[in-house]
Amino acid sequence: VQLQASGGGLVQPGGSLRLSCGASGFPFDYYAMGWFRQAPGKEREGVSCVSRNSSSTYNLDSVKGRFTISRENAKNTVVLQMDSLKPDDTAVYYCAAAPVPSYRECRSLRAHEFRYWGQGTLVTVSS
């Protein structure tokens, strides 16, 4: 099993980044996919999630209207488009996969339900 996250980097406030996560080794379309982040000295938090068939998504209140999560099951890929970035978005971002029934909405998922985790990609928002 592998989750490979990429796309992090240094960006100025107000800028954009696109994080991508490629999955292998498990049946991707049977898993909800999420992005989490952990800033220095802070606890990990769930940022965005997309259900198995993209019928539902969840976004942390502080990123609503700025971040968009999407997935392409045919390519085993989940993407987090991050716009209007703020210094508070600085963190290591992790993609994760949760084996759930198709009817489970992302908003009901908890971190412990995510079985597989990627290695993380660093996002730094600074001028």
Side-chain angles (χ1 to χ4, degrees):
V1 170
Q2 190 170 14
L3 289 172
Q4 185 70 41
S6 61
L10 173 64
V11 63
Q12 292 186 344
S16 297
L17 281 176
R18 179 181 172 91
L19 304 185
S20 181
C21 178
S24 62
F26 64 95
F28 185 75
D29 54 354
Y30 281 74
Y31 285 67
M33 297 299 297
W35 286 95
F36 293 77
R37 69 185 180 186
Q38 187 164 21
K42 295 186 177 181
E43 293 187 355
R44 182 183 61 192
E45 61 182 355
V47 177
S48 295
C49 174
V50 58
S51 63
R52 286 173 46 176
N53 59 5
S54 301
S55 60
S56 76
T57 60
Y58 161 84
N59 287 293
L60 187 67
D61 282 349
S62 62
V63 307
K64 285 180 180 178
R66 301 188 298 120
F67 290 11
T68 304
I69 188 170
S70 61
R71 66 188 292 163
E72 188 167 356
N73 286 352
K75 295 185 177 181
N76 287 9
T77 301
V78 58
V79 169
L80 185 66
Q81 178 66 41
M82 306 187 296
D83 299 317
S84 303
L85 282 161
K86 304 176 181 180
D88 284 350
D89 295 319
T90 295
V92 177
Y93 284 71
Y94 301 88
C95 64
V100 295
S102 58
Y103 60 80
R104 281 291 298 278
E105 294 188 353
C106 271
R107 69 183 67 190
S108 70
L109 292 176
R110 297 295 178 262
H112 71 271
E113 298 183 82
F114 286 81
R115 179 178 296 176
Y116 303 128
W117 294 79
Q119 86 287 2
T121 185
L122 177 62
V123 172
T124 304
V125 185
S126 175
S127 56

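Since we're looking at a predicted model, the values are computed, not measured.
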> Of all the heavy-atom pairs spanning L109 and A98, show the shortest one and how long it is.
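Heavy atoms of L109 and A98 come nearest at CD1-CB, 4.4 Å.
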> Flag the pair Q4 / Q119 as yes when at least one side-chain heavy-atom distance between them is below 4.5 Å, and no otherwise.
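Side-chain contact under 4.5 Å: yes.
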> From E72 CD over to D29 CG, what is the distance, rounded to the nearest 0.5 angstrom?
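CG of D29 is found 12.5 Å from CD of E72.
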> Hydrophobic clusters here meaning ILVMFWY residues chained together by side-chain heavy-atom distances under 4.5 Å, can you tell me if V123 and W117 are in one?
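No, separate clusters.
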> Excluding sequence neighbours, so at least two apart, what forms side-chain contact (heavy atoms from CB on, under 4.5 Å) with S108?
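Result, side-chain contact (heavy atoms from CB on, under 4.5 Å) vs S108: R104.
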> If I take atom CZ from residue R66 and atom CG from residue L60, how far apart are they, to the nearest 0.5 angstrom?
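Here the interatomic distance stands at 9.0 Å.
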> Assess the residue pair D88 and S62 against the criterion (side chain to side chain contact (heavy atoms under 4.5 Å, CB included)); give the C-alpha distance rounded to whole Å, side-chain angles, the decisive distance to 0.1 Å, and a yes or no.
CA-CA 10 Å; D88 284 350; S62 62; over 6 Å; no
> Please report the shortest heavy-atom distance between C106 and S56, naming the atom on each side.
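Reported closest heavy-atom pair: N-OG, 3.4 Å.
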> Are V79 and S70 packed together at the side-chain level, in the sense that at least one heavy-atom pair is separated by less than 4.5 angstrom?
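Side chain of V79 against side chain of S70, heavy atoms only: contact under 4.5 Å found.
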> Tell me the ring-ring contact (aromatic ring centres under 6.0 Å, His included) pairs involving residues 49-105, sequence neighbours left out?
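Found none.
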> Measure the spacing between SG of C49 and CG of L80 and express it to the nearest 0.5 Å.
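It comes to 11.5 Å.
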> Flag this pair as yes if the NZ/CZ of R115 is under 6.0 angstrom from the six-membered ring centre of F26 and inside a 45 degree cone about the axis; otherwise no.
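Here R115 fails the 6.0 Å and 45° test against F26.
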> Any idea which heavy atoms bring P99 and Y31 closest together, and the distance?
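Smallest interatomic distance, heavy atoms only, reads N-CD2, 3.4 Å.
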> What about L17 and L3, same hydrophobic cluster or not, with Ile/Leu/Val/Met/Phe/Trp/Tyr joined at side-chain heavy-atom distances under 4.5 Å?
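They do share one cluster, since a chain of ILVMFWY contacts under 4.5 Å joins L17 to L3.
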> Which atom pair, heavy atoms only, marks the closest approach of G8 to T121?
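Here G8 and T121 meet closest at N-OG1, 3.1 Å.
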> Looking at R52, is its backbone amide N or carbonyl O close enough to the side chain of N73 to form a donor-acceptor pair, meaning the two atoms are under 3.5 Å apart?
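A pair under 3.5 Å: yes.
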> Provide the closest heavy-atom pair for S48 versus N59 in the form atom of the first, atom of the second, distance.
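Looking at all heavy atoms of both residues, the shortest contact is OG-OD1, 2.6 Å.
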> Flag yes if L85 and L10 sit in one hydrophobic cluster, no otherwise; membership is Ile, Leu, Val, Met, Phe, Trp, Tyr, and two members link when side-chain heavy atoms are under 4.5 Å apart.
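No, it is not one cluster - the side chains of L85 and L10 are not joined through contacts under 4.5 Å.
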> Verify side chain to side chain contact (heavy atoms under 4.5 Å, CB included) between T90 and S126, making sure each step is shown before the conclusion.
CA-CA 8 Å; T90 295; S126 175; 5.9 Å; no
> When rounded to the nearest 0.5 angstrom, what distance separates CE in M33 from CZ in F114?
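If we round to the nearest 0.5 Å, M33:CE and F114:CZ are 8.5 Å apart.
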> Taking Q81's backbone N and O only, do any of them form a donor-acceptor pair with R18's side chain (distance below 3.5 Å, no angle check)?
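A pair under 3.5 Å: no.
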> State yes or no: do V92 and V47 share one hydrophobic cluster built from I, L, V, M, F, W and Y residues joined by side-chain heavy-atom distances below 4.5 Å, directly or via other members?
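They do not share one cluster, since no chain of ILVMFWY contacts under 4.5 Å joins V92 to V47.
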> Could you give me the CA-CA distance, side-chain angles and deciding distance for D89 and R37, then say whether side chain to side chain contact (heavy atoms under 4.5 Å, CB included) is met?
CA-CA 9 Å; D89 295 319; R37 69 185 180 186; 3.0 Å; yes
> Evaluate S51 against N53 for side chain to side chain contact (heavy atoms under 4.5 Å, CB included), listing each step before the verdict.
CA-CA 6 Å; S51 63; N53 59 5; 3.4 Å; yes
> K42: which residues meet the side-chain contact (heavy atoms from CB on, under 4.5 Å) condition with it, sequence neighbours left out?
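A39.
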> What about I69 and F28, same hydrophobic cluster or not, with Ile/Leu/Val/Met/Phe/Trp/Tyr joined at side-chain heavy-atom distances under 4.5 Å?
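Looking at the clustering, F28 is in the same group as I69.
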